[in-house]
Amino acid sequence: MPKIDFKGITKSFGPTTVIRRFNASVEDGEFLVLLGPSGCGKSTLLRMIAGLTDISGGELLFDGALANDWTPKQRGVAFVFQSYALYPHMTVRANIAFPLVMDRFRKWHHIPFVNMVQRWKVMRQPEVADAVERIAEQLELTPLLDRRPASLSGGQRQRVALGRSLVRDPSLYLLDEPLSNLDAKLRTQMRSEITTLHQKVKRTFVYVTHDQVEAMTMATRIVVMNQGYIQQIGTPDEIYDTPANTFVARFVGAPPMNLLPVKVAGQTLHAEGDSHWQHDGGAPKGATSAIFGIRPEKLRLTAPGAGRLPARVAVIERLGAETVLGCRLGAEAADVSGISTEDLVFVRTPGHPGFAHGEACGLDYDAGDVVWFDKSSGQNVAATPVVSTPEPAFEG
C-alpha cells in the first residue's frame, strides 16, 4: 500500500490553472477527504492520482518513486466514479468481474464472438468466480448478481460500483463524489458502509466531496481546498474547532461559524451598528479591529438583558432534538421581518428554548470558545497559514 506525496503539483488547462502548487502527503491506510466547493480542483487532483489526467508541474510520488508518467494500471488504483459508470447490458456479476476479466484478456480476445466466448470462460474460472461471490456477499449483493443495473436502486448501483473496485484488491481507492446522486437516507446508509469498508480492507482511501457532513463523518484527515489552493489540512476536529481562515470557518459547519467584524477598545467589542459588549480578555493583542468567530452551539440563549449580546429572534428552525435560531444583534433590533440571513447570528440549542419569532433575548458565551481572525487577511491569528496565497479579506 503506497504512501502518496504531492510536491508542488500544478495543473493547467491552457491558460487556466486549476491546481496551484499542491503540497501534501497521504499516509498508508488513511481515509483522506478532499473537501471544497465545486470547481476548486479536487476531482482534477483525484484524476491525476489515477493517471487519467496528466500533471502540468510538480512531482507525484508513490512510496518515494516518481509516478508522473505511470499508466493507470501501473498505479494499482481503483476508481469509483460519481455516475457509477456501470455497463447497462451486463449483469451485476459481469460488472463486478469486469476488471478481472480485462486483466486476463489478450488482444485476439477482442475479436467478435471470440470476445463473448472468452469472457464466459474467464468469468467461470474458480479464482474469478470466488472473488465475485466474496465481494457480493461482503456488500450484500448476492441476491442481485443476475440482475442488470436498470433494475437496481441508486444505493444498490453504488454498491456494485464499489464491488467492481474491490474485486481487484487494489492498494489505493479513489472515490469521486460517489454519494452525490443518492437521496438523504441512502447517503447516510452509504457513508456508514464506506467507513466500515475502509476499516475492513485497511487500504488507503482518497475521497472527493463538497459535502462537509461526508467529510466530517468519514475522514481521518481532511484537505480543504478553494480555487486550487489548500486552505487547511487536519483532522475533522481540527478543521471544525480551529479553522485556519474565514473561508474554512464559513465552509465547514451547518450553520457555519458566526463571524462578526469588530473594533476592539480595551475589553469592549464594537460590532457594526450599535452593538457593543464586554469581552473578558483574549482579543488579539494590539489589534484595533478583528473578526470575532464562534460556533453556533457555543452560544447560549439567555433572558433579555442577561447575556453579553442583546438580540432578537428572527428565524427559528426546529430540527427535532435541537433548534437553530437566527438572531439579529442589538438592543433596538425591532425589525426582524427581512428575508436576508447574512446579518444573523445563529445559535444551536438542544430541544426547544421557548423563544418566539420577534422576541427579545440575550446571547452569552465562554471567552475560550472564541476564534479570532485577522481582519485584513482572514487568517486565524493563532494558526500558521497553510494557503499558498493570502486569503482575501473578510467581507461581511
Side-chain angles (χ1 to χ4, degrees), residues 1-83 85 99 102-103 161 164-165 168-178 180 198 203-210 214-215 219-234 244 247-248 251 385-391:
M1 293 180 283
K3 176 188 176 184
I4 306 172
D5 291 301
F6 304 92
K7 294 188 175 181
I9 291 293
T10 300
K11 177 59 185 177
S12 298
F13 293 98
T16 304
T17 301
V18 295
I19 302 289
R20 308 166 190 270
R21 299 184 298 280
F22 188 96
N23 293 283
S25 294
V26 185
E27 298 298 329
D28 181 16
E30 80 169 315
F31 197 124
L32 184 80
V33 171
L34 303 176
L35 175 66
S38 297
C40 72
K42 54 190 186 296
S43 292
T44 300
L45 186 65
L46 199 73
R47 294 178 65 86
M48 286 194 288
I49 298 173
L52 302 177
T53 298
D54 66 297
I55 297 171
S56 302
E59 295 181 340
L60 175 65
L61 305 177
F62 278 49
D63 283 336
L66 184 63
N68 288 34
D69 298 323
W70 288 7
T71 65
K73 186 173 182 178
Q74 287 175 303
R75 302 178 192 220
V77 303
F79 201 114
V80 180
F81 294 90
Q82 178 178 354
S83 60
M102 289 297 99
D103 283 346
R164 185 177 56 190
S165 300
R168 289 184 60 227
D169 194 27
S171 57
L172 175 63
Y173 292 85
L174 308 176
L175 299 95
D176 188 7
E177 302 199 46
S180 60
H198 173 252
R203 296 286 195 271
T204 304
F205 279 51
V206 182
Y207 187 103
V208 161
T209 184
H210 63 269
E214 291 180 19
T220 55
R221 277 198 309 152
I222 299 172
V223 177
V224 183
M225 298 178 62
N226 187 38
Q227 297 179 353
Y229 290 108
I230 296 175
Q231 301 294 316
Q232 186 173 1
I233 303 175
F247 172 82
V248 179
F251 192 75
V386 296
V387 293
S388 303
T389 58
E391 169 73 0

Sequence neighbours left out, what pairs pass side-chain hydrogen bond (donor to acceptor under 3.5 Å, both in side chains) with at least one residue falling in residues 64-73?
Thr71-Gln74
Closest approach of Ala50 and Leu174, non-hydrogen atoms and distance?
CB-CD1, 3.5 Å
Mind checking what makes ring-ring contact (aromatic ring centres under 6.0 Å, His included) contact with Phe205, not counting sequence neighbours?
Phe31, Tyr173, His198
Answer whether the closest heavy-atom distance between the side chains of Leu172 and Arg203 falls below 4.5 Å.
no
Who pairs with His210 by ring-ring contact (aromatic ring centres under 6.0 Å, His included), at least two apart in sequence or on another chain?
none
With heavy-atom distances below 4.5 Å as the criterion, would you say the side chains of Asp176 and Phe81 are in contact?
no
With sequence neighbours excluded, tell me which residues meet side chain to side chain donor-acceptor pair (under 3.5 Å) with Thr44.
none
Side-chain donor-acceptor distances from residues 52-61 under 3.5 Å, at least two apart:
unit_1	atom_1	unit_2	atom_2	d
Thr53	OG1	Arg47	NE	3.4
Asp54	OD1	Lys11	NZ	3.0
Ser56	OG	Ser12	N	2.9

Mind checking whether Asp5 and Ser25 have side chains closer than 4.5 Å, heavy atoms only?
yes
Sub-4.5 Å side-chain heavy-atom contact between Lys42 and Val223
no
Residues at least two apart in sequence or cross-chain that pass salt bridge (Lys or Arg N to Asp or Glu O under 4.0 Å) with Arg221, listed by chain then number, are Glu30
Ser165: which residues meet the side chain to side chain donor-acceptor pair (under 3.5 Å) condition with it, sequence neighbours left out?
none
